[in-house]
Amino acid sequence: MKLGLLLGAALAPLAFAGAAFAQSGQDAAPQGPVSSLDEVIVTGEPVMRNRTDDVVSTLSYDLEFFQRFEPLTVGDALKRVPSVTFLSDVLESDGVRLRGLDPGYTQILINGERVPGGEADRSFFVDRIPAELIDRVEVVRSSSANRSGDALAGTINIVLRDALALDGGYIRAGALLFPDDEVGTTFGAVYGGEVGPGRLLVGASVQDRRNPKLKYSQRFDEPGGTLDNTEVQTDVRDGTDYSFNAAYEVEVGGGTLDLSGVFVRTERLQDEDSIEYRSGIETNANILSINDNDVDIQTDNLALRARYERDMLGGETRIKLAYAAFDDEQSEFENEAEYLRDGLPFPDEDRYTAELEFRDLRDEEMSFAVEHSRPVGDDVEMEFGLQAVSKERDSTTVVADRVRFNIPNAPTPRPAQPPFVFNTNNYVIEETRFDPYVMFSGEAGALKWEAGLRYEATDTTIAGIDNDFAVLLPSASLRYRLSASDRLTLSVARTVRRPDFDDLAPVTLEEERGDNDFRGNPLLEPETAWGVDLGFERRLGRRGVVGINAFYRDVTDLIEDVNTGLQGSGGAGTFIESIDNVGDGQVYGVEFDLSTPLDFIGMESTGVFLNASWLDSTVEDVLGERRFNSQSDYVYNFGFTHDIPTWGLAFGATYRKQADAFERVYAEEIVTSYGADLEVFIEKRIFSNTVIRLTGSNLLDSSKDEVFDKFGDQADQIARDYDEYELETESAGPVYQLVMRVAF
C-alpha cells in the first residue's frame, strides 16, 4: 500500500514526460561539455570522489556521488563527507560542524563567494539549499590568501551548476513517504544550451519536507534520585522548499562575462505539543501542564553574481560583483494550561499562560573584488587583489508581554484573556571589510606550491558602538609528487573567527542563561588560530583514491562565557553573565578517506567508500579541562554501490555513526548521543534516457538522546549540587523516496 502511494505520486507528473522525451532522447544525443544523460541514468560504473589538482588539500565530490541516495538538501549530501558532524534534530542536517566544531568555525561558500545566514555566529544553514542545485561540493581543509580567512575548521564550497554544465536537460519528479505515513512530492527541471551569443542554464525545483518526531523527557532531582515529572511531546516540522537558479555566460569585449543567480524560499511550520505529568504517572489525574507551541517560518535566500574575466596587463584580470540577501520571518505562539496548583486535577485548569512573538531578520551583503594574476618568472605566478564586503543586518522582534492569569475553580465561565501588550526591539548591525591580498604560486618538477599574505580590516557597528580590528593572515601550501600514484600535501595558515553578533551587543537580556541574565561585550577580539595540515594521498587503479590527513589548530583569544559577579534581575542567587576572550585552545585529529571501485579484484562495477575522522581538542574553563563544546570524538561513514549494466540496474547502501558530544556552559552540562543512520537505494533504467530510483533513509529509526545536568549557579556546578537532572530522547522513523528522472 505504501509503495503504491509513492508510485502513484511519483509517476503522475511524468505521465506525459516519459513519452514526450523518450523519443527526443533517442533521436539526438546531447552535444556539449557535459551530457545530461550521464547525470540521471545508470552509468554502469560507480562514481568516486575527485582527485583535484589544487595545492591546498581539497576533497571534491560531484553531484553524482551523492545523487543515488537522493538527498533533499546540501546538508543531507554532506553527511557522507569526511569530518562533517551535525548537532541537529533527527532527520535534519543544518549547521555544518566541520571537524566537530561549532558552525561558526566553518566557512560556507556558494560558488566560491560568502553568503549571509540567519545565525548569530554568522553560520549558514546548508539545509536551506536543495541538493538538486549543486554541481559539486568541495571540502577545503586549509586556507589560501585569495579566500576569506573565516575558516578555522575549514571551508565547504557549494558549487552550483553553471551555463556550461549541461547540453539538454532533465525533469525529476517523485514522492516521499514520511514516518507518519504522510506523502509529499518533489519536482525539478533543469535545461542548458546555447541562447543567443552565449550559453544559458535554468533550473527550478519544488520539494516537500516533513519531519515528525516523538520526544520523551524524564526529570529527576539528581542522578539516580526522585523522578519529579515526565513530558510526552510531539514535534512536527512540515514545510516546502522552492528554488530557482539561472546562469548565463557570454563573450564580451574580448573577455568572458558570467552572470548567475539563485533564489530559495523555505516555508515551514514547527508544531510542538506536549503534556507534562507529575512523578512520571501518566494519567489524567497527574497532568501538570498541556503546552501548544507553533512557529511559522518563511525564509528567503537570494544570491546574485557577476564575474568578468579578461586577459590584460600581461595576465588575467577578474572583476566580481555580488549581492546576497537572507530574509527570515517568524511568528510564534505558546499557550500553556497548568493543573494541580490547587490540588484539583485535570480538567480543572488553574492557570493559563499565552505568549506571542514576531521576528524579522534581514541580512544583506554587497561584495566587490578586483583580482589580477600574471607570470613573474619561469613557472611562477603572482596573484593580487582587493576584496570588499559591506553588510547590513536588521533585526526586529515584536514581543507580547506574557499573559498569565489564574482561573477560579468556581463553576463560572473562564475569564477572558487579558489583551496583549506589545514591545518592539530593533537593532542594526553594519559591517565593512577591506581585504587586500597577494599570493605567489609555482611548480618545480615534482613540487607544486603557493604562498600568500592576506590583511583583513573589519569595522563593525552594533547598537551604535564600534568594534574594529585588523588581522594579518599568512598562508603557505605545497604538494609533492612522490610517484605517479602518490603525493604529499602540507599547509600552514593563520585563520580567524569573528565574534557572534549577539555577543557584541551591549544589551542585558533577562534570564537568557537559565535564571541568569546575559550582557554582550562590544570589546571582544576575534579568535585567531595557526593551523597545520599534513596529508598523503594515493591513487588506486584508474579511478580510486585513498588518503590520510592530520591537522592541528592552536587557537588564541578563545571566546567563552564569564560571570561578572553582578546580581541578576532574578535577585539573590542570580547573576549577570557576559562573554570575553579568556585564553587558548587546541584542536587536532586524523582524517582517513577511501573511495574506489573494486576493479583490482575484477569487480569494476562495484564501488566502495569509507571515511573516518578521529577528532579531539583541549580548552580550560573554571571547572578544568574539556573539549571544545559539542565536539564529537569520531565520525565515520562507509558504503557501497553496485551496477549491473546488462540489466540497467544498480543498488547500494551507506552507514553513518557519530560519537557523543559534550558541552559545558555556566550552570549546565549536556551530553548528546546519536544512533546510527542507514540508507539504501535501488534504481532501474526503464528507457535509454529514463531512470527510476527508490531510496530509504533513517532505516534504523535513529534517535537523539540528551542528558542535562542543571545547577542553580556555578558554585553548585562545582559542588555537583543539582537543581535538576533530565533525560530526553527524540526519535523518528524511516523516510522513503521514489523518484523518476527523464533526460532530453
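Positions are given from 1, in the same order as the sequence printed here.
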- Among Asn698, Val90, Leu91, find the one that has a side-chain contact (heavy atoms from CB on, under 4.5 Å) with Pro179. Leu91

- Inspect the contact between Arg479 and Asp54 and indicate whether a charged nitrogen and a carboxylate oxygen are less than 4.0 angstrom apart. no

- Item | Partner residues of Asp102 under the side-chain hydrogen bond (donor to acceptor under 3.5 Å, both in side chains) criterion, sequence neighbours left out | Arg97

- Does Arg542 pair with Asp599 as a salt bridge, N-O distance under 4.0 Å? no

- Item | Arg141 bridged to Asp533 by N-O distance under 4.0 Å | no

- Message: Checking Ala189 now: which residues fulfil side-chain contact (heavy atoms from CB on, under 4.5 Å) with it, not counting sequence neighbours?
- Response: Ile171

- Note on the structure: Phe326 meets the ring-ring contact (aromatic ring centres under 6.0 Å, His included) criterion, sequence neighbours left out, with none

- Message: Evaluate Val137 against Phe65 for side-chain contact (heavy atoms from CB on, under 4.5 Å), listing each step before the verdict.
- Response: CA-CA 10 Å; Val137 171; Phe65 180 86; over 6 Å; no

- Verify salt bridge (Lys or Arg N to Asp or Glu O under 4.0 Å) between Arg741 and Glu64, making sure each step is shown before the conclusion. CA-CA 13 Å; Arg741 294 176 180 266; Glu64 293 90 330; over 6 Å; no

- For Ser83, check side-chain contact (heavy atoms from CB on, under 4.5 Å) against everything at least two apart and list the hits. Leu98, Arg99, Glu591, Ser613, Leu615

For a quick test of your reading: what N or O donor-acceptor pairs under 3.5 Å do the side chains of residues 74-82 make, sequence neighbours left out?
{"residue": "Asp76", "atom": "OD2", "partner": "Leu72", "partner atom": "N", "Å": "3.2"}
{"residue": "Asp76", "atom": "OD2", "partner": "Thr73", "partner atom": "N", "Å": "3.3"}
{"residue": "Lys79", "atom": "NZ", "partner": "Asp677", "partner atom": "OD2", "Å": "3.3"}
{"residue": "Lys79", "atom": "NZ", "partner": "Glu679", "partner atom": "OE2", "Å": "3.1"}
{"residue": "Arg80", "atom": "NH1", "partner": "Asp76", "partner atom": "O", "Å": "3.2"}
{"residue": "Arg80", "atom": "NH2", "partner": "Glu679", "partner atom": "OE1", "Å": "2.3"}

- Contact list for residues 69-91, test ring pair (Phe, Tyr, Trp, His ring centres under 6.0 Å), sequence neighbours left out: Phe69-Phe681

- Measuring from Gln658:CD to Ser673:OG, what's the distance to the nearest 0.5 Å? 10.0 Å

- Query: Got a sec, which residues hit side-chain hydrogen bond (donor to acceptor under 3.5 Å, both in side chains) with Asn157, two or more places apart in sequence or on another chain?
  - Reply: Glu138

- Is there a donor-acceptor contact under 3.5 Å linking the side chains of Ser731 and Ser703? no

- Between Ser702 (side chain) and Gly675 (backbone), is there a donor-acceptor pair under 3.5 Å? yes

- Around atom CD of Glu194, are there more than 12 heavy atoms of other residues, nucleotides or ligands at under 6.0 Å? no

- CA sep, side-chain torsions, deciding dist, call: Tyr61, Leu59, side-chain contact (heavy atoms from CB on, under 4.5 Å): CA-CA 7 Å; Tyr61 300 87; Leu59 309 182; 3.8 Å; yes

- Item | Listed partners of Tyr655 passing ring-ring contact (aromatic ring centres under 6.0 Å, His included), at least two apart | Phe638

- Listed by chain and number, what are the salt bridge (Lys or Arg N to Asp or Glu O under 4.0 Å) partners of Arg122, not counting sequence neighbours? Glu431

- Message: Can you list everything that forms a side-chain hydrogen bond (donor to acceptor under 3.5 Å, both in side chains) with Ser483? Sequence neighbours excluded, please.
- Response: Asp486

- Could you tell me which residues satisfy side-chain hydrogen bond (donor to acceptor under 3.5 Å, both in side chains) with Ser485, sequence neighbours excluded, listed by chain and number? none

- Name all residues meeting the side-chain contact (heavy atoms from CB on, under 4.5 Å) criterion together with Thr596; count only those two or more places apart in sequence or in a different chain, and write none if there are none. Leu540, Leu594, Phe600, Val608

- Asp162 bridged to Arg199 by N-O distance under 4.0 Å: no

- Task: Let me see the working for Glu730 and Lys704 under salt bridge (Lys or Arg N to Asp or Glu O under 4.0 Å), right down to the final yes or no.
- Result: CA-CA 5 Å; Glu730 171 186 287; Lys704 176 183 178 181; 5.2 Å; no

- Item | N-O pairing of Asp62 and Arg136 below 4.0 Å | no

- Task: Quick one: do Glu706 and Lys215 satisfy salt bridge (Lys or Arg N to Asp or Glu O under 4.0 Å)? Show the steps, please.
- Result: CA-CA 11 Å; Glu706 293 180 285; Lys215 291 184 179 180; over 6 Å; no

- Start with the C-alpha distance between Lys448 and Asp53, add both sets of side-chain angles, then the distance that settles side-chain contact (heavy atoms from CB on, under 4.5 Å), and finish with yes or no. CA-CA 10 Å; Lys448 192 172 182 179; Asp53 197 42; 2.9 Å; yes

- Message: Using 0.5 Å steps for rounding, measure from the OG1 atom of Thr695 to the OH atom of Tyr736.
- Response: 10.5 Å

